[in-house]
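Counting starts at 1 for both ligands and their atoms, in listed order. Below, each value reflects all heavy atoms present in this structure, side chains not excepted, and no hydrogens, waters or symmetry copies.
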Amino acid sequence: MKKIEVMQNVLEANEVIARKNCELLERHHILAINIMSAPGAGKTSLILHTLARLEDKLNIAVIEGDVASTLDAQKVKNKAKAVVQINTKNMPESCSLMAGMIAKALEELPLESINLLLIENIGNLVCPAEFMLGEHKRVVISSLPEGDDKPVKYPLIFATADLVLINKMDLLPYVDFDVAAFCRSVTDLNPKAEIISLSCKTGKGLENWCSWILAQTRTVSAKQ
Ligand code: MG
């Protein structure tokens, strides 16, 4: 019982900071997207492709969350307008980014000169579902080698997603992944979630993802 109360307090405190983050982002007309997935599903690859394809249309900053290392931040460093690395290994909650970490990162970013913030969350399908960061949109990537049962096994993250991306579609001939069954599971949990299938390897479908981002920026941001 005690443990439940503590967890509730952590979530409530997180929520308060998340709301402040969102207000700050909106004052600067910045769209923030929280990108979540299991390790290796393609979060960093997706961010790199997004930077390459949208750099002439949007000023993009990236927050890189990782338990340890700056490997992903190094990869995006030269492509993004600004990058902040968050390592969670010495923090009480190391399996997810939390709103307080984003608040700190926002202090380091040139908010005046960006209009899209991509947040790469920690590779994990459980904890990131619990913690709102102040983002406008939540995106979950599932990749074919993980199997099509992830929405059934980890429902919360799919239930709270605005968009679900099915990545590594180029592997479809080689793996047992029932795309229709996966989509049904997502829709059962979350009828409003959009689903886009793509391959960061071949580039197929990335145009749909980029169009989705541009459509979202028009709803949140007037600063183009
Ligand atoms: Mg990564």
Side-chain angles (χ1 to χ4, degrees), residues 31-55 58 60-91 93-102 104-106 108-109 114 116-147 150 154 156-158 160-171 175 177 196-206 209-210 212-213:
L31 172 76
I33 301 178
N34 182 1
I35 302 174
M36 300 169 287
S37 78
K43 294 183 296 301
T44 310
S45 299
L46 183 79
I47 288 171
L48 286 168
H49 282 288
T50 310
L51 291 167
R53 286 173 180 244
L54 292 180
E55 69 181 344
L58 296 168
I60 308 172
V62 179
I63 295 177
E64 279 293 341
D66 253 316
V67 174
S69 98
T70 57
L71 287 175
D72 290 351
Q74 294 294 341
K75 286 184 199 162
V76 303
K77 188 173 78 182
N78 298 326
K79 312 256 167 51
K81 195 95 180 160
V83 182
V84 175
Q85 174 77 56
I86 299 173
N87 283 142
T88 58
K89 69 172 185 248
N90 295 321
M91 297 190 189
E93 194 65 60
S94 64
C95 61
S96 173
L97 292 178
M98 291 175 71
M101 304 173 193
I102 300 302
K104 280 264 175 241
L106 291 177
E108 306 296 323
L109 289 173
I114 60 172
L116 174 64
L117 173 63
L118 299 176
I119 303 169
E120 178 172 344
N121 214 317
I122 309 297
N124 185 319
L125 289 174
V126 182
C127 313
E130 304 269 358
F131 295 104
M132 300 296 147
L133 305 177
E135 72 276 42
H136 300 95
K137 297 291 169 185
R138 294 167 67 79
V139 176
V140 179
I141 311 175
S142 257
S143 66
L144 264 51
E146 294 167 55
K150 292 301 161 288
Y154 303 95
L156 185 61
I157 201 160
F158 291 91
T160 59
D162 296 288
L163 172 67
V164 175
L165 298 176
I166 311 174
N167 188 23
K168 308 191 188 178
M169 283 298 287
D170 52 293
L171 296 179
V175 295
F177 188 102
I196 295 174
S197 52
L198 49 78
S199 165
C200 286
K201 182 90 175 166
T202 65
K204 202 165 169 213
L206 282 169
W209 155 245
C210 290
W212 182 88
I213 292 181

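Side chains of E130 and S96: a donor-acceptor N/O pair is absent below 3.5 angstrom, by distance only. A side-chain donor from one of S37 and K43 sits under 3.5 Å from a side-chain acceptor of the other. A donor and an acceptor atom, one from each side chain of S143 and N167, are nowhere located under 3.5 Å apart.
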Test side-chain contact (heavy atoms from CB on, under 4.5 Å) on T88 and D66 and set out the steps.
-> CA-CA 6 Å; T88 58; D66 253 316; over 6 Å; no
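A donor-acceptor pair is defined here as one N or O able to donate and one able to accept, closer than 3.5 Å; no such pair exists between the side chain of N34 and the backbone of R138.
Panel detail: the Mg ion (ligand 1) has protein N, O or S atoms under 2.8 Å away, 3 in number.
Atom OG1 in T70 sits 8.5 Å away from atom NZ in K77 (nearest 0.5 Å).
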